Protein chains: 2
Amino acid sequence: MEHPDLIDAMNATQAAQRLTARQPLVDDVHAVLVDMLMNHALEPGSRLNIDSMARNLGVSPTPVREALARMEAQGLVVKEPRRSYIVAPLIGLEDLRALIDFRLLIEPAAAAAAALNASPDEATALQTFARSGGSGDQDATSNRLDMVYDATFHDIIAKLSNNSWLRESLLRARSHLHMYRLYHHAKQAAATKPEHVAIARAIAQGDPDAAAEAMRTHLTTAMRRIDDVFASGELKLQKPR
Amino acid sequence: MEHPDLIDAMNATQAAQRLTARQPLVDDVHAVLVDMLMNHALEPGSRLNIDSMARNLGVSPTPVREALARMEAQGLVVKEPRRSYIVAPLIGLEDLRALIDFRLLIEPAAAAAAALNASPDEATALQTFARSGGSGDQDATSNRLDMVYDATFHDIIAKLSNNSWLRESLLRARSHLHMYRLYHHAKQAAATKPEHVAIARAIAQGDPDAAAEAMRTHLTTAMRRIDDVFASGELKLQKPR
DNA sequence: CGATCCTATTTCCTATAGGAAATTTACTAT
DNA sequence: ATAGTAAATTTCCTATAGGAAATAGGATCG
């Protein structure tokens, strides 16, 4: 009558259960939905059917609704009264330009703060991570991994800035989703990897000005790459309905 | 499909719609709870009893829980698994500093953009509004009106920046709410009005540098005022549990 | 053929019920 | 008297039920 698969999982990990108290189902559902949304498993702009989501997850609609209420406050979904929620839509080229402008205000400062705040361990971890990703391959899974790599790299820096307001505002923007949807055939990851490495190096050296400048360069060149792709006509601008 | 005349007709009857078409209960509950939280009708740190709140509001626990889930994502309450929620503590000095730092990254740029974008009508409207508010009286209602005045002024500028990301990120931060909660007992010397007027003037003159500088001054003096209040011991620092 | 209205089904939203965890109360033993 | 424990009560959390709105399907009319 309740969630059988979860119960099986609980029996399997019964020892672990004794140590860590089971967290409410809502938190699990929320984590799953956020993950699906961030990974494009929930299509932006699409309507969410609460009952079917609940069935698919093996839970009742109640925790699903609660998770969606959280996600609404996070700006990840948009409530349409009496019509459930839709996944927050992605954007067109003009809005993307505004997004880059916005990030140019914030992320260079975040990188500078990270250069001042990061411990040696954190700095080397960042450098290691920067070198780890960005295969640049063209198949779908590599592309998705590259997107996660990019998002994670920027989030690590935001975290190192020690400013939760800053970090939250970037997470909410979901820049990586917007960028990769509009422009995933260009060799974004391959091109960005050396730029990430440069940013990480400046942070590891504790040089805030160089870190900020490297971040600025990274963002402006990303915007220029996108402009080039659009100018070449490879991508058509999608009308947001 | 959306004929402009039809849309106008809909707007005309929008007031009538609001009477009949009632918005979901969750939204009402959320609004009430946020208001109670701002006015310290919900005391910071106190545990929330979902059932009794539902009884007091004359609704069932379900919409109350949903509203609380939203408020959790907004940082207004803190979830304690299996123990409901507690009201989030008042913002501490360190978080407040981070919030001002964050705004210093964004709002001067917003003011500069507004100086470039604002039409003459919009500029004079902004100036009129800047001069309209900020009574500075000490009673509770005046204090609240001053808060709304301040929040509105900053939001108008964010809107005039023509960058929705920028505006959204400021709205989501809800700085005015946090400040109002801190200064609920009416002690804020509302010296902000002349600073607002100065910002509005620079924007009206179409001078982006002056506008940015005036905004920077406004924010840094606000931070200094806060430091003074904390230093005077009127407000206690929040101990992180 | 297209538009409007009416019916049927789906889906949302709120209330209620019940199991499980947490808290309080009461009791026992040292 | 106090510490520890067990029972009783409260409270949370999830599932389910049912009324109300919205969508889909179909028929009638222009």
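None of these values were measured; they are calculated from a predicted model.
- Ionic pairing of B:Arg65 and B:Asp51 is not present here: no N-O contact between side-chain nitrogen and carboxylate oxygen is shorter than 4.0 angstrom.
- With respect to B:Asp27 and B:Arg70, a salt bridge is recorded, a charged nitrogen being found less than 4.0 Å from a carboxylate O.
- Against DNA chain D, the stretch residues 48-72 of chain B makes heavy-atom approaches under 4.0 Å through B:Leu48, B:Asn49, B:Ile50, B:Asp51, B:Arg65.
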Nucleotide N/O of nucleotides 22-25 of chain D paired with protein N/O under 3.5 Å:
unit_1 : atom_1 : unit_2  : atom_2 : d
D:dT23 : OP1    : A:Arg47 : NH2    : 2.9

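- With a 4.5 Å cut-off on side-chain heavy atoms, A:Met38 and A:Leu76 count as touching.
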Please tabulate, for side-chain N and O atoms in residues 155-166 of chain B, each donor-acceptor pair with protein atoms closer than 3.5 Å (sequence neighbours left out).
unit_1   : atom_1 : unit_2   : atom_2 : d
B:Asp155 : OD1    : B:Arg167 : NE     : 2.9
B:Asp155 : OD2    : B:Arg167 : NH2    : 2.9
B:Ser161 : OG     : B:Ala158 : O      : 2.6
B:Ser161 : OG     : B:Asn163 : N      : 3.2
B:Asn163 : OD1    : B:Trp165 : N      : 3.0
B:Asn163 : OD1    : B:Leu166 : N      : 3.2
B:Asn163 : ND2    : A:Ala98  : O      : 2.9
B:Trp165 : NE1    : A:Asp95  : O      : 3.2

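- Distance NZ (B:Lys79) to C1' (D:dC12): 9 Å, rounded to an integer number of Å.
- Other residues, nucleotides and ligands contribute at most 12 non-hydrogen atoms within 6.0 Å of the CD atom of B:Glu43.
- Following rounding to the nearest Å, A:Tyr85 (OH) and C:dT11 (C1') show an atom-to-atom distance of 14 Å.
- In this entry the distance linking NE2 of B:His30 with C1' of C:dT14 reads 18 Å, nearest Å.
- Side-chain contact annotation: A:Asp146 with A:Tyr180, donor-acceptor N/O pair under 3.5 Å absent.
- Rounded to an integer number of Å, the gap from A:Ile86 CD1 to C:dT11 P is 17 Å.
- For B:Tyr149 and B:His196, the gap between ring centers is short of 6.0 Å.
- Computed from coordinates, the A:Asp27 CG to D:dT14 C1' distance equals 13 Å when rounded to whole Å.
- Screening A:Thr192, A:Ile100, A:Leu99 for a side chain to side chain contact (heavy atoms under 4.5 Å, CB included) with A:Met179, the sole residue that qualifies is A:Ile100.
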